2 protein chains.
Amino acid sequence: MKRDQIYLEKFGENVLKRRNELQLSYRQLAQKCDLDFSAISKIEKGQKSLEFQTIIELAKGLEIHPKDLFNFSFPIQELKK
Amino acid sequence: MKRDQIYLEKFGENVLKRRNELQLSYRQLAQKCDLDFSAISKIEKGQKSLEFQTIIELAKGLEIHPKDLFNFSFPIQELKK
């Protein structure tokens, strides 16, 4: 489980990066996607897990495809048995 | 919210498609990714929301990048304000 924390952190970094690209504050993004602004802060730091629906809401607010928030290295080969 | 149900369904279809590609039963996939097999059945039908961690677990079991499970149409242009 601990190893997987890295993916949550990478996801959060992608949220932060995109929010900065759009020059949105926490509050502005929160308003756009109907989330609490403190939740967005925690998500960006990888400190909060998300539901599927929250991922969709964030993607809408950030005007990107949700799969772009999963833009991180994922070692598929290692996982094969 | 209702409109967003479609994304959960598309996600589920991608899980089903990939599980079939790997010729895995529900139980086999469940064992591979430490999930309950009835949960996988519901996810494939878009009847169950998922946590971020579950998405990662599914991707591991399905030996694909999690972003490939988000391979569906997402109308970004429409969402811009």
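First the proteins, then the strands, lettered A, B, ... as listed; each starts at 1. What you see is a predicted model, and the numbers here were worked out from it, not measured in a lab.
To the nearest 0.5 Å, the span separating CG on B:D4 from CD on A:Q53 amounts to 4.5 Å. Interatomic distance, A:N71 CG to B:K67 NZ, rounded to the nearest 0.5 Å: 4.0 Å. A:F70 contributes atom CZ, which lies 11.5 Å from atom CG of B:D68 (distance to the nearest 0.5 angstrom).
Using a 4.5 Å cut-off on side-chain heavy atoms (C-beta onward), B:K60 and A:F74 make contact. Between A:Y7 and B:F52, the closest side-chain pair of non-hydrogen atoms falls below 4.5 Å. Side chains of B:H65 and A:F72 form a contact here, defined as non-hydrogen atoms less than 4.5 Å apart.
Interface residue A:I55: only side-chain heavy atoms are found under 4.5 Å from chain B.
Interface with chain B: from residues 36-43 of chain A, no residue qualifies, criterion being any non-hydrogen pair under 4.5 Å. Residues of residues 19-30 of chain A having a heavy atom under 4.5 Å from any heavy atom of chain B: none.
Heavy atoms only, all atoms of each residue included: B:E63 and A:I76 are closest at O-CG2, 3.1 Å.
B:L35 is connected to B:L62 through a chain of hydrophobic side-chain contacts under 4.5 Å among Ile, Leu, Val, Met, Phe, Trp and Tyr, so both are in one cluster.
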